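As a basis for the values below, the full set of heavy atoms in this structure was taken, side chains included, without hydrogen atoms, waters or symmetry mates. Numbered from 1 within each chain, the chains take letters A, B, ... in sequence-line order. Every value quoted in this text rests on a predicted model; they were computed, and no experiment measured them.
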Protein chains: 2
Amino acid sequence: MTTPKSTITITDVAKAAGVSKSAVSYALNGKPGVSDDTRAKVLDVARAMGWRPNSAAKSLSDAHTRSIGVVLLVADAENFGSGAYEMDCLAGLSKVLDSRDYSITLRMSAGGAKAACRIHEDWIASGKVDAHLVLNVALGDPRMALFRSHPEAKALFVAPREISGGLPTLYSSDSDGSRLLVRHLHDLGHRTIARIAGPEEYAHTLVRDRGAADECARLGMRCTTLHGPYLASAGAQLCDTLLDFGERPTAIICDTDVTAVAALRTAAARGVRVPEDLSVISWDDSPSCLSTLPELTSLHCDVKAIGRKAGEMLLRLIDGESVEAEPEDPYTLMVRSSTAPVLVP
Amino acid sequence: MTTPKSTITITDVAKAAGVSKSAVSYALNGKPGVSDDTRAKVLDVARAMGWRPNSAAKSLSDAHTRSIGVVLLVADAENFGSGAYEMDCLAGLSKVLDSRDYSITLRMSAGGAKAACRIHEDWIASGKVDAHLVLNVALGDPRMALFRSHPEAKALFVAPREISGGLPTLYSSDSDGSRLLVRHLHDLGHRTIARIAGPEEYAHTLVRDRGAADECARLGMRCTTLHGPYLASAGAQLCDTLLDFGERPTAIICDTDVTAVAALRTAAARGVRVPEDLSVISWDDSPSCLSTLPELTSLHCDVKAIGRKAGEMLLRLIDGESVEAEPEDPYTLMVRSSTAPVLVP
DNA sequence: CTGAAAGCGCTTACAG
DNA sequence: CTGAAAGCGCTTACAG
């Protein structure tokens with residue numbers, strides 16, 4: 001029946017419906033300029049013939065590619081984590097984009113932010129995408145300079161607002177998250193804590209550092225912070241360091257699930273009981289936080305929601321609306337069994 | 001200097017270089033039809049002006065969009081796993097595509113394979129992509145029927161060769177993997193084993209079932225297989241069932257890291273020592289296999305290599321070469337501490 | 001309301 | 001080797 005002939009164009013439809021190409025175009029795009037009768041007939045014929053607008057032709061004539069460009073950094077597998085964050089973010093993004101028939105144009109770059117710049121530049125010059133989404137922004141990230149010098153390009157940064165000044169930004173409340181964790185430990189009676197934080201190149205690491213430091217100062221707590229990549233080996237090593245340290249902390253906050261799981265395991269291997277002797281908290285509430293014994297108290301972030309909100313902001317950007325900095329949803333603390341009141345000696 | 005004017009077209013370059021548009025096109029595309037001098041001058045001018053071919057225009061005229069369409073299924077978060085597989089696969093794919101200036105056009109569908117079909121159909125009719133990559137293929141997957149009825153569309157399936165008959169396929173050696181695991185346990189003296197397998201809708205689950213059953217039969221071993229989603233809760237429950245079972249197995253093979261970690265934890269909670277009382281093996285050698293105590297013996301698969309090979313096959317498909325079924329690289333067994341010789345009672 | 005025409009930026013036979 | 005011209009499929013002022 002509807003055997004899709006090689007390619008059906010608007011001309012074929014016009015011929016079949018007995019009208020002009022322009023009438024078909026108006027009808028198909030719901031624009032005025034055709035009578036209701038003509039419109040109905042054209043729609044019927046187009047559907048019957050299985051017509052779909054040719055993507056390239058449409059893009060060329062209306063200057064919209066209907067795609068959002070995303071360059072994922074996979075360079076340093078070390079800092080990349082499992083990719084679960086990016087995946088969830090893309091899932092949320094894709095969901096919002098669907099409604100407007102937008103797709104994601106994806107590249108994965110092993111060359112870091114600089115190589116990503118090259119790709120973005122290419123996309124800008126070739127008109128390959130309508131807007132860019134920038135994730136995993138580092139301090140002094142060249143991608144910020146790039147888009148500052150290309151105001152004609154539309155880009156949204158997911159980054160701490162502290163560093164993306166001026167650029168359209170979806171910013172996290174990493175600082176608030178940090179404070180929330182410190183308060184949770186304070187409520188449990190902890191006074192000497194530590195953090196196994198992420199690499200210092202990351203802007204969000206510094207924001208978390210700041211939040212924790214401020215809240216500790218306010219509450220009169222002591223906090224030792226060690227930085228390292230999001231690797232199990234690093235988490236284990238840093239945990240060892242903290243446990244060997246003179247003034248042993250009664251609680252450790254880990255910046256990611258990978259290091260938290262490693263810390264848990266390191267403690268177990270040394271005979272340090274969690275949560276009796278040591279409380280452990282993880283950022284990134286992921287399935288692995290539920291697979292440990294004890295289950296990990298974790299800071300939950302709805303990453304899909306970030307993707308959705310990013311999608312909405314990007315579409316507004318594309319529609320020519322002005323977009324400034326907007327906040328992500330706040331974090332939620334998932335209290336499980338890896339944190340407990342500190343034992344009075 | 002090279003201030004990128006709004007948009008630089010081939011016409012601008014032609015004017016600046018004092019030649020015709022066609023000369024510019026020939027020069028830029030390395031085609032014959034221009035003298036070396038003209039070519040050199042055109043290239044210089046184009047570079048100086050920061051010209052890049054307009055993506056849509058090029059696609060429209062040469063019928064190549066330079067993008068590969070991928071629809072990721074996120075419908076049932078239950079069976080989706082962490083998304084790490086998809087991420088690695090895309091990373092490998094992207095790497096190969098880079099060299100030919102191809103991008104990935106990505107959509108994530110929450111409606112399963114049927115909704116994915118709709119997207120692929122749209123891509124076929126609109127000429128949005130040059131070829132399609134199909135992952136996570138289920139038994140009787142409607143996407144196979146779709147591409148069978150659209151021989152004009154180019155698609156590569158990553159699926160067991162048993163089910164994709166005729167279609168271009170990159171097939172895994174799941175059966176061989178299964179056999180490898182069984183042999184490893186046999187070598188350690190295990191004779192009564194069990195499997196916590198994935199959902200039976202998945203073709204690869206059945207292939208693994210078959211491989212394990214055949215090898216067990218050959219070696220005179222007994223194997224109980226339970227199926228369930230790739231969820232920690234399911235892994236825990238199935239592990240409980242197996243341990244409560246009359247004839248308790250001395251080893252369990254889990255189809256994914258999530259269930260393996262859950263099984264490990266369940267054993268620990270019941271006081272069943274791993275590996276002394278029970279050996280545990282995981283498919284999907286992932287970072288989490290290294291975060292457990294003991295570390296998990298696991299079947300390693302170079303997923304990025306799958307992505308790369310898929311990319312090469314897709315490019316050949318696009319180039320008009322014929323592509324049939326080709327095998328992935330074989331699995332590697334990573335022997336760690338969760339498997340040990342069975343203790344003679 | 002409707003049709004003929006030009007244009008989006010590039011490629012590619014086709015005559016000079 | 002080089003230029004003028006038509007065409008890819010769609011959109012959009014512009015005359016009827």
Side-chain angles (χ1 to χ4, degrees), chain A residues 4-43 45-46 49-66 101 122-130, chain B residues 4-43 45-46 49-66 101 122-130:
Chain A
K5 305 280 171 146
S6 51
T7 304
I8 294 156
T9 74
I10 210 182
T11 306
D12 300 323
V13 175
K15 213 165 291 177
V19 296
S20 73
K21 272 171 43 182
S22 33
V24 172
S25 178
Y26 290 137
L28 257 14
N29 290 307
K31 297 204 170 168
V34 280
S35 64
D36 291 350
D37 284 358
T38 306
R39 186 185 304 279
K41 192 204 297 173
V42 168
L43 288 177
V45 172
M49 298 178 78
W51 175 88
R52 297 280 174 90
N54 175 278
S55 164
K58 190 155 193 159
S59 296
L60 182 58
S61 64
D62 77 359
H64 280 292
T65 60
R66 269 154 291 271
D101 199 36
D122 186 74
W123 283 345
I124 294 172
S126 68
K128 175 97 182 168
V129 303
D130 292 346
Chain B
K5 303 281 170 147
S6 50
T7 305
I8 295 157
T9 74
I10 210 182
T11 308
D12 300 324
V13 176
K15 214 165 291 176
V19 295
S20 72
K21 273 170 43 181
S22 34
V24 173
S25 178
Y26 289 137
L28 258 12
N29 291 306
K31 297 202 172 171
V34 281
S35 63
D36 290 349
D37 285 356
T38 306
R39 186 186 305 279
K41 192 205 299 173
V42 168
L43 288 177
V45 172
M49 298 177 79
W51 174 88
R52 299 281 174 89
N54 175 279
S55 162
K58 189 155 193 159
S59 296
L60 182 58
S61 64
D62 77 358
H64 280 294
T65 62
R66 271 154 289 270
D101 199 38
D122 186 72
W123 283 345
I124 295 173
S126 68
K128 175 94 183 168
V129 302
D130 291 346

Student check: side-chain heavy atoms of A:N54 and A:K58 closer than 4.5 Å: no

Residue closer to the 5' end of DNA chain C, A:P32 versus A:S22 (nearest nucleotide):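 Result of the comparison: A:P32.
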
First encountered from the 5' end of DNA chain C, between B:L28 and A:V34: A:V34

Dot-bracket encoding of pairs in DNA chain D, which uses [ ] for pseudoknotted crossings and | for another strand, Watson-Crick or G-U under 3.5 angstrom: |||.||||||||.|||

Set of residues satisfying side-chain contact (heavy atoms from CB on, under 4.5 Å) with respect to [X], sequence neighbours excluded:
X: B:A125; answer: A:R52
X: A:S61; answer: none
X: B:L43; answer: B:L28, B:R39, B:R47

Polar contact flag, side-chain donor to acceptor under 3.5 angstrom, A:S35-A:T38: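 Side chains of A:S35 and A:T38: pair found under 3.5 Å.
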
Span of DNA chain D, from the first to the last nucleotide whose atoms fall under 4.0 Å of chain A heavy atoms: D:dG9 to D:dA13

Closest-nucleotide 5' rank along DNA chain D - winner of B:S61 and B:R39: B:R39

Given DNA chain D, 5'-ward residue of the pair B:D62 and B:S20, judged by closest heavy atom: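 Taking each residue's closest nucleotide, the earlier one in sequence belongs to B:S20.
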
Nearest-0.5 Å distance, NZ of residue B:K21 to OG1 of residue B:T11: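 Between B:K21 NZ and B:T11 OG1, I get 4.5 Å after rounding to 0.5 Å.
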
Residue pair B:S59 / B:T65: nearest heavy atoms and the distance that separates them: OG-CA, 3.5 Å

Residues in ring pair (Phe, Tyr, Trp, His ring centres under 6.0 Å) contact with B:W51, at least two apart in sequence or another chain: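 Expected list: none.
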
